[in-house]
Amino acid sequence: QVQLVESGGGLVQAGGSLRLSCAASGRTFDSYAMGWFRQAPGKEREFVAAVTWSGGSTSYSDSMKGRITISRDKTKDTVYLEMNNLQPEDTAIYYCASRDSERDPFDYWGQGTQVTVSS
């Protein structure tokens with residue numbers, strides 16, 4: 001398994017940007033892909049983006065596509081989520097997660113980092 005620690009959240013005004021980081025440790029060699037999810041107050045957790053460690057293939061949610069970029073630094077075992085033109089509806093706790101293969105769920109999770117966007 002891997003241990004994940006998110007950072008980079010905070011309070012921003014609408015239209016602003018944030019760069020979230022997810023540092024992985026432990027059995028990082030077992031991680032196939034990393035994903036970002038978010039959960040807003042009163043809502044279900046939703047998928048945001050994912051990237052594979054090996055090839056860097058990415059996928060994005062339709063709701064945020066065009067405003068976000070996921071990337072990874074293999075030498076640092078770190079995944080990033082660049083978010084631009086943030087809106088109040090983006091306010092949520094953002095979680096980093098890991099999966100061991102394309103057949104496995106994202107079952108290793110970080111503690112989350114709060115993103116709050118004001119009007």
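- Every residue two or more places apart in sequence or in another chain that forms a side chain to side chain contact (heavy atoms under 4.5 Å, CB included) with Ser71 is listed here: Tyr80.
- By the side chain to side chain contact (heavy atoms under 4.5 Å, CB included) test, Ser7 is found to be paired with Ser21, residues two or more places apart in sequence or in another chain being considered.
- In this structure Thr58 satisfies the side chain to side chain donor-acceptor pair (under 3.5 Å) test with no other residue, sequence neighbours excluded.
- Heavy atoms only, all atoms of each residue included: Ala33 and Phe106 are closest at O-CE2, 4.0 Å.
- Side-chain contact check for Gln1 versus Ser98: every heavy-atom pair is 4.5 Å or farther apart.
- Identified under the salt bridge (charged side-chain N to carboxylate O under 4.0 Å, His left out) test for residues 104-119, with sequence neighbours left out: none.
- Atom CH2 of residue Trp109 and atom CD of residue Glu6 lie 9.5 Å apart, to the nearest 0.5 angstrom.
- In the hydrophobic clustering (ILVMFWY side chains linked at under 4.5 Å, chained through shared members), Met34 is joined by Val2, Leu4, Val12, Leu18, Leu20, Trp36, Val48, Val51, Trp53, Tyr60, Met64, Ile68, Ile70, Val79, Leu81, Met83, Leu86, Tyr94, Tyr108, Val115, Val117.
- Counting only distance, with no hydrogens or angles, the side chain of Thr116 and the backbone of Thr91 share no donor-acceptor pair below 3.5 Å.
- Each disulfide bond (SG atoms under 2.5 Å apart) pair with one or both residues in residues 38-86, not counting sequence neighbours, would appear here, but there are none.
- Listed by chain and number, the residues in a side chain to side chain contact (heavy atoms under 4.5 Å, CB included) with Gln39 are Arg45, Tyr95 (sequence neighbours excluded).
- Applying the side chain to side chain donor-acceptor pair (under 3.5 Å) test to Gln87 and every residue at least two apart in sequence or in another chain returns Asn85.
- Applying the salt bridge (charged side-chain N to carboxylate O under 4.0 Å, His left out) test to pairs two or more places apart or on separate chains, those with a residue in residues 57-81 are Arg67-Asp90.
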Residues 22-29 side chain polar contacts: donor-acceptor under 3.5 Å, at least two apart:
{"residue": "Arg27", "atom": "NE", "partner": "Asp30", "partner atom": "OD2", "Å": "2.7"}
{"residue": "Arg27", "atom": "NH2", "partner": "Asp30", "partner atom": "OD2", "Å": "2.8"}

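- Minimum heavy-atom separation, Ser119 to Ala14: CA-CB, 4.4 Å.
- At distances below 3.5 Å, not a single donor-acceptor pair connects side-chain atoms of Glu46 with backbone N or O atoms of Arg38.
- Through direct or indirect side-chain contacts shorter than 4.5 Å among Ile, Leu, Val, Met, Phe, Trp and Tyr, Leu11 is connected to no other residue.
- A cation-pi arrangement is not found for Arg99 relative to Tyr32, the charged atom failing to lie both closer than 6.0 Å to the ring centre and inside a 45° cone about the ring normal.
- The salt bridge (Lys or Arg N to Asp or Glu O under 4.0 Å) check on Glu89 picks up nothing, with sequence neighbours excluded.
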